[in-house]
2 protein chains.
Amino acid sequence: MSEGLPPSPGSSPTLEDVARAAGVSRATVSRVINGIRNVDPAIQETVRRAIAATGYVPNQAARSLVTRRTGAIALVVSGAGDESGEDPFPGQVFADPFFGRVAGGVVGFLRPRGVHPILMFAETDETRAQVLTYLRQGNADGAVLVSTNADDPLPRLLVDAGLPAVLFARPPEPLPISYVDVQHRAGAKLAADHLVARGCRRIATISGPLAVLAGQDRLAGFRDAMAMHGHPYIPCVEGRFTYPSGEAAMERLLAEHPDVDGVFVANDVMAQAALMVLRHHGRRVPEDVAVVGFDDSSAALACRPPLTTIRHPVEDMAAEMARLLLAHIEEPDRQPTSVIFEPSLVVRESA
Amino acid sequence: MSEGLPPSPGSSPTLEDVARAAGVSRATVSRVINGIRNVDPAIQETVRRAIAATGYVPNQAARSLVTRRTGAIALVVSGAGDESGEDPFPGQVFADPFFGRVAGGVVGFLRPRGVHPILMFAETDETRAQVLTYLRQGNADGAVLVSTNADDPLPRLLVDAGLPAVLFARPPEPLPISYVDVQHRAGAKLAADHLVARGCRRIATISGPLAVLAGQDRLAGFRDAMAMHGHPYIPCVEGRFTYPSGEAAMERLLAEHPDVDGVFVANDVMAQAALMVLRHHGRRVPEDVAVVGFDDSSAALACRPPLTTIRHPVEDMAAEMARLLLAHIEEPDRQPTSVIFEPSLVVRESA
DNA sequence: CTCACCACAGAGAGCGCTCTCTTCCTCTTC
DNA sequence: GAAGAGGAAGAGAGCGCTCTCTGTGGTGAG
């Protein structure tokens, strides 16, 4: 204990300091910290005590330099902001409860594993390049990506760069990359079956943007199912998954088809808007018009009446997406995998 | 060019490789990359070409090791999840448009500066410790913190640890730490003045959680202003800034004070719920009951009628918060600063 | 013509950690 | 009792970068 000087003043203690305090070598301290066997329990104890005494905290940069791992991944929201191009702040996306659920699911999975998400937006070529550079610099070990439009070039760029990445939703063009998705068509079929079973006869739909696969699939699935029920023609107005677009779509639907008695709306946010419009026009829901949404997001519960909707297990999907990414990081040669989730019908009061 | 082997296969090129390709020393390449003067323009050009040829990307870990900077900051949401303790996923907070605006403002400021936010949640002692360790390990250079409850211990922990941090909202106990805030009382006064000027006589309020300073201040400010207008007693029901709590509060207000003709609701989300309840009870807005919200969030525009509200410049505040944090990181001995923003009245149709 | 001075480039010492390689020592085993 | 096996600890070489220090050639002043 004669040379027990407090580590160097000002700067934080290093492995070396701990080693000296414990009277062992740097390597041994490292072994203890990283939980590698082959260390005498008594020495382990001594080292642990020395760590506590010195207040040692490992330096992540030094560690990353040799392990080539950062313990961080990029959570990229891509193609956002295009719609409202004048916005000086990115991340209006957050306003959508959908994104919140994705982030929640990702964090829920990563946190117990000591991995942290770095929030990134990529809506222009420049910002996409930024994401790529960021990953190549080794700031993050991989990326999970939520695209908001179908022609997003980022998935391809990531594949070409050989960077570990997982998508939320199937890429429009076939790409050797892992992704998670939900069976949009099956979900839409549940909605169709429910509306028909309820006795609705004049059924219409408000679709999502047809530039997005989810929008296309939900519409196609709905139409297919309705055709099976003997309704070959289903009026449709295209929305953009946003509240205002849902409002406009419902207004138009009502103007063109005043006798409508059942509507499948491709997401809850637009369904909420539709409900508002229906009420405004004096239509009772579900008596006059039954409405089924999609997502089972927080918006569904904020609706009056509470929204009957198709449950989209976003949190579970996001967690799975994170799981896949870690697997790819761990094992770079792993084959791409897709995990498809089942939607389910949640009956509330609107239909 | 005789020893012009492609950098080591598999691994990415290093400074050394670029230096060799350009026929200069590592130091010179480093100078060029970091834009330090004293480099012959011709050599700069050669180096730049070599960088392009080798596809060199600097390794951030190596850089961080010596500079002691990561170019990342933690974006911490603290005290979240307590309310709905049963939630397996953190980050329901995201559902609140407020958080989205903060994230957007922070990212908007940081991104042009090459700094990235790491998303963290801290709702328990364990996760708070995690945040602290994370920062101490040098994973991030500092933290911006959004607390959702007043007795959050994290600000104090950050101060005690001497870590650069900036808060969104004044800490309840005086603490040597920088923060940004809005004049809640002045905003509430604007609402009071507007309701009175409109001719409302039986005015009530739905406050935010009184455990939060913002909740307290908005209520106090509103009551003070109303007292100045000769209304010493203002009925109040406490909400929790959430949609369901706003609903319940409005129901109760209506039950206890059926003659109410003006309501100040402490945030837009609750105001939206209040509007729904009023309509349900057949009250016309603004004819029968005028409603003023607070925040001017996206919820205000989704309301029918569109919500008259107090504008809370969240994005600007978030950007300022990020600016302050970078300043503190740059200059560790900087004195704590507070920046207080002015709210303003946004008149729409609800009042 | 000499010398101080400046502008620029290179050499090389780390930053703090991990991990392989080596050494040492204690057990078995015949 | 000697030899081999195997477990546990230390030595030391980097990981890729920044940055200080040193060296060198060219310029202007004395």
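None of these values were measured; they are calculated from a predicted model. Chain letters run A, B, ... following the sequence lines, proteins first and then strands; every chain starts at 1.
No side-chain donor-acceptor contact under 3.5 Å links Asp141(A) to the backbone of Ile73(A).
Close to dG16(D), at under 4.0 Å from its OP1 or OP2, lies a side-chain N or O of Arg68(A). For Thr14(B) and dG16(D), the shortest distance from a side-chain N or O to OP1 or OP2 is not below 4.0 Å.
Distance Gln44(A) CD to dA8(D) P: 10 Å, rounded to the nearest Å. Nucleotide dG16(C) holds its C1' atom 13 Å from the CZ atom of Arg20(A), rounded to whole Å. Atom pair Asp17(A):CG and dG16(C):P shows a separation of 9 Å (rounding to whole Å applied). Put simply, CD on Glu16(A) is 14 Å from P on dA13(D), counting in whole angstrom units. Rounded to an integer number of Å, the gap from Arg63(B) CZ to dG14(C) C1' is 18 Å. What separates CD1 of Ile33(A) from C1' of dG16(C) is a distance of 11 Å, to the nearest Å. When rounded to the nearest whole Å, the span between CG of Asn139(A) and P of dG16(D) equals 15 Å.
Closest to the Thr28(A) side chain, of the nucleotides dA9(C), dG16(D), dG10(D), is dG10(D).
With salt bridges taken as basic N to acidic carboxylate O contacts below 4.0 Å, one links Glu123(A) and Arg111(B).
Residues Ile43(B) and Thr28(B) have side chains in contact (heavy-atom distance under 4.5 Å, counting atoms from C-beta outward).
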Between the protein and nucleotides 19-23 of chain C, which nitrogen or oxygen pairs are less than 3.5 angstrom apart?
none

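Not a single side chain to side chain donor-acceptor pair (under 3.5 Å) links Gln335(A) to another residue, sequence neighbours left out. When the side chain to side chain donor-acceptor pair (under 3.5 Å) test is applied to Asp151(A), no partner is found at least two apart in sequence or on another chain.
A donor atom on one side chain and an acceptor atom on the other are found under 3.5 Å apart for Asp152(B) and Ser78(B).
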